[in-house]
Amino acid sequence: MIVCSCNILSDGDVKACLKPGPDCPRTPAQVYRCLGCSPNCGRCARTIRAIMDQALTAAGVEPIATCQRGCCPTTLEKAAAEPTL
């Protein structure tokens, strides 16, 4: 299923980024970077977050709301979640 029409990203693409370990993306902004793109309209950020939470929970990894390494400010995730006008 296509979750981001701007970047043509599928749910499978998002799940492929979610490998257990310290380099696993923890925010939609990190998923975009992992896939080599950036959010355009941002409408898919919530769907990407839901896919991430579901996949991490299924893998036995506790999803976290914010980046613990400090490498991605929350403003990036907010920007990804809010559509531009």
Side-chain angles (χ1 to χ4, degrees):
M1 166 179 75
I2 298 295
V3 296
C4 174
S5 20
C6 296
N7 291 297
I8 320 292
L9 301 178
S10 70
D11 58 333
D13 295 329
V14 173
K15 291 175 187 174
C17 283
L18 305 176
K19 298 176 182 133
D23 294 332
C24 181
R26 298 294 184 162
T27 66
Q30 289 177 337
V31 169
Y32 288 117
R33 280 191 294 247
C34 174
L35 295 171
C37 59
S38 61
N40 290 328
C41 73
R43 290 188 185 116
C44 57
R46 288 183 186 167
T47 304
I48 289 173
R49 167 55 78 190
I51 292 168
M52 291 172 62
D53 289 348
Q54 183 179 26
L56 292 172
T57 300
V61 177
E62 183 67 30
I64 56 175
T66 59
C67 177
Q68 297 296 310
R69 296 184 302 179
C71 60
C72 51
T74 56
T75 54
L76 286 177
E77 187 170 348
K78 278 186 179 177
E82 296 174 0
T84 56
L85 300 175

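Counting from 1, the numbers follow the sequence of the chain as shown.
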>> Can you give me the closest heavy-atom contact between Pro25 and Leu18, atom names plus distance?
In response: O-CD2, 3.9 Å

> Backbone N or O of Arg26 within a donor-acceptor pair of the Gln30 side chain at under 3.5 Å?
Replying inline: yes

> Are the side chain of Ser5 and the backbone of Ile8 linked by a donor-acceptor contact shorter than 3.5 Å?
Replying inline: no

>> I'd like to check the side chain to side chain donor-acceptor pair (under 3.5 Å) partners of Ser38; sequence neighbours left out, ordered by chain and number.
In response: none

> Looking only at heavy atoms, what is the nearest atom pair of Thr27 and Arg49, with distance?
Replying inline: CA-NH2, 3.7 Å

> Which heavy-atom pair separates Val31 from Cys17 by the least distance, and what is that distance?
Replying inline: O-SG, 4.3 Å

> With sequence neighbours left out, what residues match Asp11 under side chain to side chain donor-acceptor pair (under 3.5 Å)?
Replying inline: none

> Closest heavy-atom contact between Asp13 and Leu35?
Replying inline: O-CD2, 3.7 Å

> Cys37 and Leu9: side chain to side chain contact (heavy atoms under 4.5 Å, CB included), yes or no, with the steps?
Replying inline: CA-CA 10 Å; Cys37 59; Leu9 301 178; 3.9 Å; yes

> Taking all non-hydrogen atoms of both residues, which atom of Ala45 and which atom of Tyr32 are closest, and how far apart?
Replying inline: N-OH, 3.9 Å

> Who passes side chain to side chain contact (heavy atoms under 4.5 Å, CB included) against Cys6, sequence neighbours left out?
Replying inline: Cys4, Asn40, Cys41

> Can you tell me how far CD1 of Ile2 sits from CG of Asn7, rounded to the nearest 0.5 angstrom?
Replying inline: 10.5 Å

>> Is the shortest side-chain heavy-atom distance between Met52 and Pro28 below 4.5 Å?
In response: yes

